[in-house]
Structures are given as C-alpha cells and as structure tokens.
Asks: 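Let me give you the structure first, and then I'll get to my questions.
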Amino acid sequence: MERGIYFDGWYKDNHCYHPSLPLRSMQMIEDLERYNGTLLVWSALGGGVISLPYLEHEAFGEVDPRLRFYGYMNDSEFIAECNKRGIKVFGIVFEVQGWEFPAIYSDDKKSFKELNVIKDNKDHDWYGLREFTKDRNYEVFGKKFSDYFPDGLYNSDGKEVTNIWEECCARDFNGVPCHAEWVEVKNHEHIAYSMCRNNPVWREYLKQIMKIQIDAGVAGIQLDECELPMTSVRYGGCFCKDCMKQFNAYLKELEAKGRLPEELKGVDLDTFNYGEYLKARKVVYPGNIEELPLYKFYWEFQLGAIKKYFKELADYAKGYGRQQGREVLVSGNFFDIMPCYYPMEPSADVIITEMKQSILKQAHWYRYVAGFAGDKPVIVAENPYGSAVYELVDLLNAGKGYDLYRLLLIEASAYGCNMSVPYGAWMGNTVKDAFWPPRNVTVEVQDFLLNNERLYSKKSGANVLVLYSFPSNYWNEAIAGYSSSVLDGEEEGTLSYSVIDPDDPNGVRMPFWEVVRQLSQNQISYDVKFMADGDLREDSFGVEDIRNYELVVLPACSTLTANQAEIIDKYAAGGGKVLIFGAAAENIDGWLEKMKEYKNVVYCLNDSYKPKALKEFNRAFEAVYGDIWKVRTDNASVGLQTHALENGLAIHLVNYGYSRELDAVEPVEELNIKVCVKEQEFGDIIVHTLQGRKLEYETGMEGDVMNIKIHQLPLYAVVELINK
C-alpha cells in the first residue's frame, strides 16, 4: 500500500505560485518519516516550463548559506535523502504550462534582483520560455538554448523555432493563445500559456525536462494535465496548426475506411481547417459540444492523440531511466478519472488523481477509481475548486474540524484508494494560503494505515461486479456537462457538500454513476470492471474477470465488443446472475433478446425520469441480491466496504455522524452487522479503531448468519474476521 504525500510545500498564508516549488529542507524529510510517506506527488523540479536552465538550478544549483543554515537543499539533494529512506519522489512535469515572469536583473545580468513578485510595480523585463529560446539574459544561469538543442528545434513545417512559447501554445480558432488560467495567480502580471502536446517541438522540450529530472535522481515522472491538449477546450482550444494537421490526417484515415462524415465528402482534406470551419458557422465554442458540427470526430481524434503522445513520453522516460541503470516509474495527473484517461492507463505505473470535487461520502467514486486502476497503486489528491476544501481548511486553521480531516484521509483507504496527505497543498489561484493540516491528526491516521496494512487489500471479496463500458460512456460523459458546482446543506456544513447534477431528478442521465451511487448508499460492497472498445484500448476482457462474482450488473452498456458479449452470455448460461439496466449491446443483433431468455438474467427498464428509473433499479437489484447478500447493517448512514484478507475478511465501517455543534463525529450507540457465512467460517474477531480504543461488541450465530453488535462505534473501525 502506497502512502502518498501531496508534497507541494507551498508557504502558509502566501499564494501558491506555479510552477517553481519552494526549497526543500531536512525538516520536511523529518515530516515525511513521521507521516510514513512512501510516494510524493506534485513534489519536485517543476521549473522546466520556465526554462531548462532554471530547472537545472532547482536540481543542482547552489543554495544560499543562510538557507543552508536551516537545512535547506537543492532538489537533487532532497531526492537523495528521500531515496535513502525508500520514499519515491515523482518529478512533476507541468506539461500544460508555458511561463513568462516579470523580472528585474542585476546590472551585470548575472542574477535576478526581483522575479515574479515585483515590488512597487516598477518597470521590469521578463524571464521565461521566450527569453530562453532567444538567449536573452542567459547570463543568469550561464547556459544557452543551444546547450540543450545544439542542432536547434524545428517545427512540423520544417522551420527553426525562435520562440518556443509562441510556437507551442494552444490556440483558439481566432489564433489567440489560450491561457492556463487556473494557475495564473489573480492580480499578478505573470503569464501562463496553455501548451499543446500535439506539437512535436513541445514534446522534445518535455523530454529534456524529464531527462534533467531523471539525472537528479527521481524515482518517477508525473505528467500533469496528461490529457493535453484537451485541457484547453474550456478555454477555447485547441486549434493550433499541429492539431489541425493531425485532425486532417485522422479524417483521411476515416475516408480510407469509408467513414468520412457526409458534410466533408468532396472537401480538400489537405487544406481543410476545422477551426475556420467552426468560425465560419459563427458557433459559440465550446458551448454545448454535442451541438458543434463534427465535434464528436474531433474528440475521438484527440482521444487517440493523447494516448499516443502520453505513451511516447512515458516510453522516453522509462528508456532514459534504463540507460542510467534504473527503472523509472511513470504516472500522470488523471484528474477525475473520466473515460478519456482509460486509453492511457496501460502506460502508467501509478494512478494519481486529483478529485474534481473533493467532498466526503464519495464511496462510489473511489470504487470506480479502484476499478480503473486494477492492481496498480492509487494516490488521490484533494482539489480546492468546487469542493469542501476551503471550508475544511478554514476550520482547521481555527483549530476545528479535526474529525472531518480524519474522514477525508481515511475514507479513500476504506474504499480501496489512498488519500495523499496535504503537505502545503494547492489552494488555487485566488486564496492566499496552502493546505497545512495538523500534524498530530495526520500522524494518527498514517500510523494506523502503516500498522494495519494487512487490513487493506486490492481485492474486496465482493460478489457483485458493475461493468463500465468505455465505448458506451466516453462520449456521453464528454457531453454530459456535469457541473463543478456543489451544494452545501447549512445544517451539516462540510460533510453535506454534494454535486448538483446527480441529485437533480431532471438532470443529465448517467446510468453507471446513478447505479454505483445507489449501491454505495445501500452499503453494497461491489467491484467495478472496465471494458474497452478494442480500438483505443485493447479488449482484454476475459472469463476470469467475472467468473468469481455471483452477480454482474450492466448499467447502460449500449456497446459491447463481440468478445465481451460472448463472455457475458457464457457467464449467464453457466448460471451466473446478470442484471441489465437499460440499453445493452445495441450494436449486436439479438444479443439482448437472447439474454432475456435466461432465467437468471433480469432486465430493468431505464425510464427517462430518473427517480422512477432508480426506484425500478433498486427493486430489481434487491430481487436478485436477496439470496446472495454478504454483509448488512441496521444503520444506513454508516459507510461499509469489505476487503478480502489472506486469512479472512475485513469490514471497514465509516461513521459520517458529524455534529457541527460538537465539532466531532458522534458515536453510533449500537450497530448491528449481519454477515452471511454460507461458504466461509470465521473464528476470531478483532475490532480495530484509529485511536486504538477497545470497543465492546457481542457476536452470535443464527443459522448461516453471524450477528455482530458493536457499541459506541467511533468515526472509523475495521472488523477483522479471521478464518477458522
């Protein structure tokens, strides 16, 4: 089990300035050891998107004696200290960001007198990618562009690049550079262009960043915004020349397959420009992308591009690492783990995700992420935008909200992931603060995770499997327009934040998400399995993926490959229970009708009105689950998840009963748990709590059901059932 640290280390009561992270110190090393950290994300060597010499200074540069006095060091020294302790540092490649910073130089141009923060609004020069390309003020670090690219860099038109900042940025259809607005600190003069990874020049530049990071000793590379350039869509991109060229090449491939859109037949695909095409139609971009002409084709083109170029960079990092005699891990920022990331997952060793909405009671999302990752480690980072984080940080700053923070950390682990400890973590581009939680509470949770690692398993022991069909969902999720807005119930505050769309009875229909939310709310332990399309992602779905489950649920799996359809058919023919909710395998004639003929297959109509559809689903689910249930409780407000252990079963219980008045989670007076033990006999029972407090409990048998009564259930407990 990896224990992640969200290791920005930004200063308390100051802005979070991308991309150059603060100097690291031996005090930080002590904290990492105290927190039992094993893997650091967003953690080191971010300055390459300012310039390569700047990055080398972060890695190997001299440190001022006054900072040495307090144990500060450069990043390569910090990485070496982490390596000694078995802590994996991931170099962060802010690949979407291209920076220019206001700067004032010394008279001899060999040092900065001011950088980024300019006092008294004085006149200033600049430093960043533009100056680096042109060798302006190179004397600060003493290295020129040609020191890294002796033969120069040439773009896809064969022209030598003289301004990498302008050359590689994402552009709207008017040709205007898109900004990475979420990292530009408000009321500051610095400029962050959103860069385009489809540009081969930018990829060559990113490879140099990774090379320097690997030379500095990192254990892994993290490619931030790894869906680049899809990142720029909401800001008007990307219609740069390389995106337009590559889209045309994609359209030619469709033409060769007889799949060219009707409106493009007869169009010269050598000169076609999709941006000009949209602009001529006076559309609002991105607006409602479902209504944009040809946009589904453009989205599918970009899905292929982000997979291709993420793999190219991952392969480079691994290859260069092997040249240096070691294996380098690769990950990205898979943000909210939406479908566009699925084709990239095979190239990643660790799944690092930044929650779109960091709110509590997210069991269904964690189960989805665990299914996405499979056997790979998952590190989750909180995200301040559209979440409860701002309120939580305010509470913690006032010495309150400790139980809410405990829930934030422990909830992810209970449901099969790992929430990274915020260590000076990002608070966005408007708030002048960083997320520094209380040390004693952090140590309490992290010690529990370390000392009870055996209670956390990649295998849940669940007998219910929910299938997520990539080809059925990738476009629906793209056009769903799910809001980032959250609602806050005033009575409960931080614990009651919820995303608006899923709770809106007339909102966008997303059957998979509706189903897993219902299951989690009903305390059903389940697994999620992804099914590929066979094109962007190889279809590796096999009998072994479902044969150990007693019930397989298909929520709106409208498209299945022939292989997937055959395996599910064989599973049902062998007696396995199947619950089909809504559309299923519409691309395979007669499949659904054949499935309905099996007595052990239940079909549930997906009504267009969400409340009615979910009522029918719950009824159908309980009908098929009634004789195969495994664990139940008599308190629906408690979160429940099982973990299969080598010698038994762990039942994780999360008590969400937070009282604002008491500023604490109130114990559940009495919780009755029923465990069906038809095929498994348990002997000893051990109940574990965060603080190590002993709980009173009683057990008894009633036929095939083990009854466990727990008194005064605290915020979190794990009931360990040990095999006889």
Side-chain angles (χ1 to χ4, degrees), residues 197-198 225-234 238 243 246-247 250-251 253-254 257 259 261 286 288-311 332-348 351 353 356 364-365 367-369 371-374 466-482 501-502 508-516 528-541 554-565 581-588 606:
R197 197 174 63 194
N198 289 352
E225 268 74 44
C226 61
E227 76 285 0
L228 201 65
M230 283 174 147
T231 325
S232 66
V233 169
R234 65 180 291 190
C238 179
C243 282
Q246 292 171 32
F247 184 45
Y250 176 78
L251 292 173
E253 292 175 6
L254 294 184
K257 298 174 183 176
R259 293 174 47 211
N288 184 350
I289 65 173
E290 186 177 14
E291 298 175 356
L292 289 174
L294 300 178
Y295 199 78
K296 187 170 187 287
F297 296 95
Y298 188 65
W299 188 262
E300 290 172 344
F301 147 66
Q302 291 287 16
L303 282 177
I306 62 175
K307 171 191 174 180
K308 178 180 179 180
Y309 296 132
F310 181 83
K311 184 178 187 302
N333 172 6
F334 288 86
F335 190 46
D336 51 357
I337 311 287
M338 289 297 100
C340 65
Y341 299 98
Y342 183 54
M344 294 185 280
E345 182 271 329
S347 295
I351 304 304
T353 165
K356 184 176 182 180
H364 63 285
W365 186 78
R367 295 309 297 149
Y368 166 85
V369 173
F372 177 97
V466 184
L467 296 177
Y468 182 92
S469 168
F470 171 77
S472 305
N473 285 287
Y474 77 88
W475 180 242
N476 290 337
E477 296 223 21
I479 65 176
Y482 263 31
D501 302 280
V508 177
R509 295 299 311 281
M510 297 298 293
F512 170 84
W513 291 106
E514 294 162 7
V515 161
V516 293
V528 172
K529 176 67 182 178
F530 276 62
M531 296 189 297
D533 63 340
D535 180 16
L536 282 166
R537 176 76 184 260
E538 179 185 355
D539 177 21
S540 60
F541 191 68
L554 280 74
C557 295
S558 57
T559 302
L560 297 177
T561 66
N563 168 60
Q564 294 159 3
F581 181 48
E586 293 177 331
N587 58 316
I588 300 176
N606 181 14

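What you are looking at is a predicted structure, and each value in this text was computed from that prediction instead of being measured.
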Asks: Any side-chain heavy atom of Gln302 sitting closer than 4.5 Å to one from Cys340?
Replies: no

Asks: Measure across Asn476 and Met510 and return the closest heavy-atom pair with its distance rounded to 0.1 Å.
Replies: O-SD, 4.0 Å

Asks: From Ser469 OG over to Asp533 CG, what is the distance, rounded to the nearest 0.5 angstrom?
Replies: 8.5 Å

Asks: Contact between Leu536 and Glu300 at the side-chain level, heavy atoms closer than 4.5 Å - yes or no?
Replies: no

Asks: Would you please classify the geometry between the Tyr250 ring and the Phe247 ring as parallel, tilted or perpendicular, with 30° and 60° separating the classes?
Replies: parallel

Asks: Taking the side chain as every heavy atom from C-beta outward, state whether Trp365 and Thr353 have any pair of such atoms under 4.5 Å apart.
Replies: yes

Asks: Are Leu294 and Leu251 side-chain neighbours, meaning at least one heavy-atom pair lies under 4.5 Å?
Replies: no

Asks: What are the two closest heavy atoms between Pro511 and Asn606, and how far apart are they?
Replies: CG-ND2, 3.5 Å

Asks: Under 3.5 Å, is there a donor-acceptor pair between the side chain of Gln246 and the main chain of Ala305?
Replies: no

Asks: Above 12 or not: heavy atoms from other molecules or residues under 6.0 Å from CD of Glu586?
Replies: yes

Asks: To the nearest 0.5 Å, what is the distance between CD (Glu225) and CD1 (Ile306)?
Replies: 12.5 Å

Asks: How many angstroms lie between CE in Met344 and CD1 in Ile351, if you round to the nearest 0.5 Å?
Replies: 9.5 Å

Asks: If every non-hydrogen atom of Gln564 is compared with every non-hydrogen atom of Ala532, which pair is closest and at what distance?
Replies: NE2-O, 2.8 Å

Asks: May I ask you to decide if Cys226's main-chain N or O and Asn333's side chain share a donor-acceptor pair within less than 3.5 Å?
Replies: no

Asks: Looking only at non-hydrogen atoms, find the nearest pair between Asn198 and Cys243 and report the distance.
Replies: ND2-SG, 3.3 Å

Asks: Just jot down the ring pair (Phe, Tyr, Trp, His ring centres under 6.0 Å) partners of Tyr468, sequence neighbours excluded, or say none.
Replies: Tyr368, Phe512, Phe530

Asks: Heavy-atom distance under 4.5 Å between the side chains of Phe297 and Leu254, does that happen here?
Replies: yes

Asks: Rounded to the nearest 0.5 Å, how far apart are CZ of Arg197 and CG of Leu228?
Replies: 5.5 Å

Asks: As an exercise, state the distance from CG of Asp539 to CG of Leu560, rounded to the nearest 0.5 Å.
Replies: 9.5 Å

Asks: Evaluate the side-chain proximity of Cys557 to Asn473: yes if any heavy-atom separation is below 4.5 Å, no if none is.
Replies: no

Asks: Angle between ring planes, Phe470 versus Tyr342, binned at 30° and 60°: parallel, tilted or perpendicular?
Replies: tilted

Asks: Does some side-chain heavy atom of Leu467 sit less than 4.5 Å from a side-chain heavy atom of Phe541?
Replies: yes

Asks: Checking Ser472 side chain against Thr559 main chain: does a donor-acceptor pair fall under 3.5 Å?
Replies: yes

Asks: Under the criterion ring-ring contact (aromatic ring centres under 6.0 Å, His included), I'd like the reasoning laid out for Tyr341 against Phe335: C-alpha separation, chi angles, the key distance, then a yes or no.
Replies: CA-CA 9 Å; Tyr341 299 98; Phe335 190 46; 7.4 Å; no

Asks: Quick check: do Arg367 and Val466 have side-chain heavy atoms less than 4.5 Å from each other?
Replies: no

Asks: To the nearest 0.5 Å, what is the distance between CE (Met338) and NZ (Lys356)?
Replies: 7.5 Å

Asks: Could you work out, with side-chain hydrogen bond (donor to acceptor under 3.5 Å, both in side chains) as the rule, every residue matching Glu345, not counting sequence neighbours?
Replies: Lys376, Arg537

